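Position 1 is the first residue of the sequence, and the numbers go up from there. Computation of the quantities below employed the complete heavy-atom set of this structure, encompassing side-chain atoms and omitting hydrogens, waters and symmetry-equivalent molecules. This is a predicted model, so every value here is computed, not measured.
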Amino acid sequence: MENSKLKELTERLYGEGLEKGRAEAERLLAEAQANAAKIVAEAKAEAAKIVKEAETKAADTAKNSMTEISLAGKQALAKIKTEIADAIIAQSVGKGVAEAIVDAQFVKSLLLAVAAAWNGGGKVELTAMLPAALEADFTKAFEASAKQLLEAGIEVGYSKDVHTGFKVCQKGGGYYITFTEESFAALMQEYLREKVAKLLF
């Protein structure tokens, strides 16, 4: 009888221990599952955050790239337009200026315009130095208008130092103004640049 009581007590203790063990195992399993679900939820949230940040960064990069491409395109177009306009102006102006700068009548009219504008149009005494290589052509052309030049206060001379255009200085003055083919071309190009751009574009 005692043996059966002992056996019954042992079985009861064993059953209670087993029940407690099962309950603890179930609690630990539930806790582990809750922790696992929490970790998965946090990982999903972190992954979603990383994806969103990557998408935002990609969108910003794409937007910035498009802005840079657009700006580069506009700059390239502006440069091409300028180069086209400059090429047209150079073709138009170069030959015309080269011909005009050796035309005696044109040079005479320029000299008279310079004399009229010098010191606000008052009485002037100027010396104009022309290319020595063109002396024969200019002398012949200026013979008829020598009086007009002298009345304007311009004395004409020739110099080997002047290759194109002419130099004008006040008699006894310490400075002179040079009117060369290059300076005329630059002046004309600046004047024509805006007009050509409007015509072309």
Side-chain angles (χ1 to χ4, degrees), residues 16-103 106-107 109-111 113-114 116-121 131 161-169 173-201:
E16 285 176 4
L18 194 57
E19 191 61 38
K20 281 183 182 178
R22 275 194 199 126
E24 183 64 19
E26 285 175 8
R27 185 187 69 76
L28 289 173
L29 181 62
E31 193 176 295
Q33 287 174 336
N35 282 341
K38 182 181 175 187
I39 289 168
V40 168
E42 286 174 355
K44 283 182 180 177
E46 185 65 22
K49 180 183 171 190
I50 290 168
V51 167
K52 186 169 182 174
E53 285 174 358
E55 287 172 349
T56 302
K57 190 171 182 180
D60 287 346
T61 301
K63 183 180 175 185
N64 291 341
S65 296
M66 290 308 294
T67 302
E68 289 296 322
I69 290 167
S70 174
L71 181 62
K74 287 176 184 175
Q75 288 173 340
L77 182 62
K79 184 172 171 114
I80 290 168
K81 285 180 177 181
T82 300
E83 287 179 5
I84 290 170
D86 287 348
I88 290 170
I89 291 166
Q91 285 287 341
S92 305
V93 171
K95 187 179 177 188
V97 169
E99 290 172 358
I101 209 74
V102 295
D103 179 61
F106 178 71
V107 172
S109 63
L110 283 176
L111 289 172
V114 168
W118 198 282
N119 291 336
D161 295 333
V162 180
H163 302 289
T164 65
F166 57 90
K167 292 181 182 180
V168 177
C169 64
Y175 69 95
Y176 60 87
I177 300 173
T178 304
F179 297 88
T180 63
E181 184 177 328
E182 292 80 12
S183 62
F184 276 113
L187 177 67
M188 292 301 292
Q189 286 173 357
E190 199 57 42
Y191 175 74
L192 290 175
R193 184 167 278 115
E194 188 177 332
K195 293 185 181 297
V196 169
K198 280 182 183 175
L199 285 171
L200 291 175
F201 312 113

key: All side chain to side chain donor-acceptor pair (under 3.5 Å) counterparts of Q75, not counting sequence neighbours   = none

inquiry  = Show every salt bridge (Lys or Arg N to Asp or Glu O under 4.0 Å) that has at least one partner inside residues 59-69, sequence neighbours left out.
reply    = none

key: For K57, all residues meeting side-chain contact (heavy atoms from CB on, under 4.5 Å), sequence neighbours excluded   = T61

key: Set of salt bridge (charged side-chain N to carboxylate O under 4.0 Å, His left out) partners for E83, sequence neighbours left out   = K79

inquiry  = Taking side chain to side chain donor-acceptor pair (under 3.5 Å) as the definition, give me every residue that meets it alongside E31, ordered by chain and number, with sequence neighbours left out.
reply    = R27

ask   = side-chain contact (heavy atoms from CB on, under 4.5 Å) with E46: which residues, sequence neighbours excluded?
value = K49, I50

